[in-house]
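Report on the following structure.
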4 protein chains.
Amino acid sequence: MARKTKEDTEHTYHQLLDAATLLFIEHGVAKTTLNDIAQRAGMTRGAVYWHFTNKDAVIKALWERNAGTAHHSFTHSLRNLDPQHPIAHFRQLIKSLLHNVISDPKLSQAMRIIMHCIEFSDEKTDLQQFLYRFRDDFYDALHTALTTLAQYHALRDDMNAAVLTSSLWAYINGLIHTHLEPDSKTVDLQQHYAALLDLWLNAALR
Amino acid sequence: MARKTKEDTEHTYHQLLDAATLLFIEHGVAKTTLNDIAQRAGMTRGAVYWHFTNKDAVIKALWERNAGTAHHSFTHSLRNLDPQHPIAHFRQLIKSLLHNVISDPKLSQAMRIIMHCIEFSDEKTDLQQFLYRFRDDFYDALHTALTTLAQYHALRDDMNAAVLTSSLWAYINGLIHTHLEPDSKTVDLQQHYAALLDLWLNAALR
Amino acid sequence: MARKTKEDTEHTYHQLLDAATLLFIEHGVAKTTLNDIAQRAGMTRGAVYWHFTNKDAVIKALWERNAGTAHHSFTHSLRNLDPQHPIAHFRQLIKSLLHNVISDPKLSQAMRIIMHCIEFSDEKTDLQQFLYRFRDDFYDALHTALTTLAQYHALRDDMNAAVLTSSLWAYINGLIHTHLEPDSKTVDLQQHYAALLDLWLNAALR
Amino acid sequence: MARKTKEDTEHTYHQLLDAATLLFIEHGVAKTTLNDIAQRAGMTRGAVYWHFTNKDAVIKALWERNAGTAHHSFTHSLRNLDPQHPIAHFRQLIKSLLHNVISDPKLSQAMRIIMHCIEFSDEKTDLQQFLYRFRDDFYDALHTALTTLAQYHALRDDMNAAVLTSSLWAYINGLIHTHLEPDSKTVDLQQHYAALLDLWLNAALR
DNA sequence: CATGAATGAGCCTTCATTCAT
DNA sequence: TATGAATGAAGGCTCATTCAT
């Protein structure tokens with residue numbers, strides 16, 4: 001097909017990404033072929049190869065489009081807690097984080113894909129490194145925030161920032177992970193996320 | 001070919017399972033072929049086909065061999081808390097659960113595979129249903145235990161058993177998940193698991 | 001896009017041909033794509049399609065540009081030996097032919113491509129027929145020259161012009177072929193071509 | 001299909017090689033797909049992959065099967081000229097070499113393929129190195145033979161063994177090359193090869 | 001003139017699977 | 001029991017080609 005306008009091209013790009021998202025969730029990344037993605041978006045494989053070099057590039061693009069902004073915004077905030085009200089700011093951040101994951105479909109799709117629909121192995125593939133860079137960056141931001149809180153003597157004094165970071169990291173990951181799981185048996189997170197987080201926050205902060 | 005003894009056959013079976021375990025962790029399930037497994041075990045594809053109908057059957061067998069006993073033991077205990085000391089028993093169970101995952105290589109390999117090296121999608125494949133039956137059974141056992149504790153008025157009274165189950169479930173899952181992750185940045189679980197669990201137990205139980 | 005002047009266009013044309021030449025030699029014709037050519041010339045595929053209908057047309061154009069003049073000049077001379085000194089003229093022609101192939105980079109590149117970097121099969125493709133027309137024309141010119149020499153009784157009398165043509169044709173081809181071969185093990189042709197040719201000329205002429 | 005006897009397997013192997021030979025000559029190596037080969041041999045692509053890792057391996061196997069014996073026999077003889085009659089032995093060897101190429105269909109097919117139906121570029125592919133090892137080995141054997149003849153003072157004294165080796169090498173290559181060319185215009189080599197070789201041998205030896 | 005977007009055909013390769021031995 | 005030979009389906013990827021801009 002012939003050349004399109006810039007808008008057409010961008011539209012195609014997003015259509016491909018949307019199609020990929022749904023297929024990844026429906027059948028997993030490994031079982032989804034580039035042909036599937038193209039067909040679902042009403043195009044041919046060639047179109048996918050025009051926009052992305054391979055399947056991993058699709059996943060990367062998908063992650064950056066759907067989660068990039070939120071990631072950067074949260075890590076930046078965690079690293080720059082309001083000096084006037086660091087505790088309140090932190091509590092609000094953690095809660096809005098979960099709220100975002102729950103209520104923003106694009107974000108929750110992206111998280112679901114990387115949490116459930118991709119295999120992670122010992123191989124240090126390009127994609128794995130790409131995603132782990134985000135993970136590590138977020139973990140680091142969380143650690144920075146808790147270290148800051150420690151300086152304000154806002155943490156319980158029998159556990160240091162590092163251990164509490166791992167604890168919160170596990171808890172948040174666990175909540176999101178179990179929430180996004182197919183056929184999840186857990187309680188409705190939308191309704192209970194504040195209380196669930198308060199359980200931890202009240203236990204860890206003082 | 002010469003007949004083999006029952007022991008030889010069983011030995012082959014375990015060799016295949018061990019080979020599969022390592023390969024699944026090293027390269028992921030999707031990228032591991034039956035041929036890879038056979039070769040790693042020093043055999044040919046035919047041997048795999050003799051012992052397992054397909055790759056999913058390998059995973060199932062692997063899970064049952066490595067995690068089956070622990071699963072049944074824990075769920076049984078959770079459903080039958082010591083009436084004399086239900087809280088202490090529960091605390092001890094949760095801790096020994098994590099201790100097991102950390103220190104039993106077979107178990108941790110199996111958990112790592114199903115947590116990181118397999119894709120879960122909306123498809124209700126046979127394997128997914130098989131594994132989710134274990135998951136749901138465990139969740140249910142945990143819920144039963146917490147319900148029992150509630151009857152003993154051992155839970156904080158602002159949150160019901162269901163919500164606390166989801167909370168603990170998320171926490172335990174999160175701890176194991178982040179612990180088994182490649183290149184994990186979290187604190188050493190071996191050293192801190194008791195304190196990390198106490199944080200939650202002290203917050204939730206009374 | 002702004003109109004280009006005739007010179008610009010012609011410049012583009014030569015750039016494409018030069019890029020193609022290098023790529024054909026580096027990777028062979030079959031493995032070189034039109035995209036490769038365009039990129040090497042700092043353009044996109046469209047430019048190639050504007051100047052050439054397809055890859056075969058590139059090769060034809062390349063051959064005519066790099067070898068066309070020499071071919072026509074030599075065949076013409078061979079067909080019109082100086083009646084005064086036919087033998088001397090012939091000897092000089094053969095030697096200058098080899099000298100040309102050795103010292104003219106454009107010509108040697110073209111010869112190397114058609115001798116080593118293209119496949120010739122039983123298929124009578126357009127390109128093959130195009131190139132064989134040159135080959136046959138040269139062979140015929142050589143035969144004409146030797147026939148002329150025969151009329152002057154300048155050939156050894158135990159072999160006719162046809163056989164000697166085949167002999168010289170094989171020898172010249174062999175010398176050029178082995179000289180242009182990658183990692184050639186033969187002696188330096190630049191230094192020895194005159195002696196090598198004299199070996200044959202002294203044996204065949206009298 | 002199920003397992004076959006050893007003879008069946010070997011038969012398949014040769015059928016595939018024969019099919020490949022014909023197709024390489026008919027359409028060139030690059031244009032021949034493994035699918036073509038399989039189909040021509042009445043099998044599926046899988047069969048080809050069972051016997052050969054890729055197309056290059058087919059070519060290597062083909063060369064060794066069709067030309068390996070002759071190559072080893074000739075190079076060995078060239079390196080071990082009969083001390084009693086070195087010149088006569090050498091002349092006979094060179095002639096029987098050409099005679100072989102002309103009259104042994106398997107050998108001439110193999111030579112035609114590597115001379116005309118394959119592209120050679122600056123890339124040092126595995127296949128190219130494989131084939132050049134044969135070429136260099138033959139060139140070296142020829143050089144050894146001529147060096148031996150020089151020791152017997154059997155060469156004309158105005159040219160050394162190295163130059164004469166290059167000369168003969170070019171001549172032989174040229175004769176075979178032009179003889180095996182599609183639509184060759186040269187005289188019938190079958191009929192004239194002895195005379196054509198004598199032209200060179202009489203000029204170079206004394 | 002030249003580009004950028006997209007198509008569609010086809011090739012190489014890998015694999016699960018089958019079956020005679 | 002286990003192997004070795006072969007099938008066939010499918011996936012990833014590349015490319016020549018087309019065409020609106």
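Between F:dT1 and B:His51, no contact under 4.0 Å exists linking OP1 or OP2 to a side-chain N or O. Side-chain nitrogen and oxygen atoms of A:Thr12 include at least one within less than 4.0 Å of the OP1 or OP2 phosphate oxygen of E:dA6.
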Check: Going through the distances and angles, do D:Asn35 and D:Val48 end up as a side-chain contact (heavy atoms from CB on, under 4.5 Å)?
Finding: CA-CA 8 Å; D:Asn35 197 23; D:Val48 182; over 6 Å; no
Next item on the list: Evaluate the salt bridge (Lys or Arg N to Asp or Glu O under 4.0 Å) criterion for residues D:Glu123 and C:Lys31: first the C-alpha distance (whole Å), next the side-chain angles of each, then the deciding distance (0.1 Å), finally the verdict.
Entry: CA-CA 11 Å; D:Glu123 274 180 359; C:Lys31 281 187 195 155; 3.5 Å; yes
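Residues B:Phe120 and A:Glu181 have side chains not in contact (no heavy-atom distance under 4.5 Å, counting atoms from C-beta outward). Here the side chains of A:Val58 and A:Leu16 are not in contact, with every heavy-atom distance at 4.5 Å or above.
Look at OH on C:Tyr49: it is 12 Å from P on F:dC15, rounded to the nearest Å. Atoms CH2 (A:Trp50) and P (E:dA5) sit 5 Å apart, rounded to a whole Å. The CG atom of A:Asp56 sits 17 Å away from the P atom of F:dG11 (whole-angstrom rounding). Look at OH on A:Tyr13: it is 18 Å from P on E:dG4, rounded to the nearest Å. Across the protein-nucleic acid pair, C:Lys55 atom NZ and F:dA16 atom C1' stand 9 Å apart, rounded to whole Å. Atoms CD (C:Glu10) and P (E:dC1) sit 11 Å apart, rounded to a whole Å. Between the CZ atom of C:Phe52 and the P atom of E:dC1 there is a distance of 13 Å, given to the nearest Å. For the pair C:Asn54 CG and F:dT18 P, the interatomic distance rounds to 10 Å; values are reported in whole Å.
For the segment residues 33-45 of chain C, residues with any heavy atom less than 4.0 angstrom from an atom of DNA chain F are, sorted by number, C:Thr33, C:Leu34, C:Arg45.
Between B:Lys31 and A:Val48, the residue whose closest nucleotide on DNA chain E is further toward the 5' end is A:Val48. Comparing A:Ala30 and A:Gly46 by the nucleotide of DNA chain F that holds the closest heavy atom to each, the one mapping nearer the 5' end is A:Ala30.
Cation-pi contact between B:Arg135 and B:Tyr132: present, with separation from the ring centre below 6.0 Å and deviation from the ring axis of at most 45°.
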Item checked: Bracket string, DNA chain F, 5' to 3' - pairs by Watson-Crick or G-U geometry under 3.5 Å, | interstrand -> .||||||||||||||||||||
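With salt bridges taken as basic N to acidic carboxylate O contacts below 4.0 Å, one links D:Lys124 and C:Asp183. Salt-bridge annotation for A:Asp18 and A:Arg40: absent, with no side-chain N of the basic residue lying under 4.0 Å from a carboxylate O of the acidic one. The pair C:Arg112-D:Asp122 meets the salt-bridge criterion, since a charged nitrogen lies less than 4.0 angstrom from a carboxylate oxygen.
Residue pairs meeting the salt bridge (Lys or Arg N to Asp or Glu O under 4.0 Å) criterion with at least one member in residues 47-56 of chain C, sequence neighbours excluded, do not occur.
Proximity note for B:Ala47 (side chain, C-beta onward) versus F:dA2, F:dA6, E:dA6: the nearest is F:dA2.
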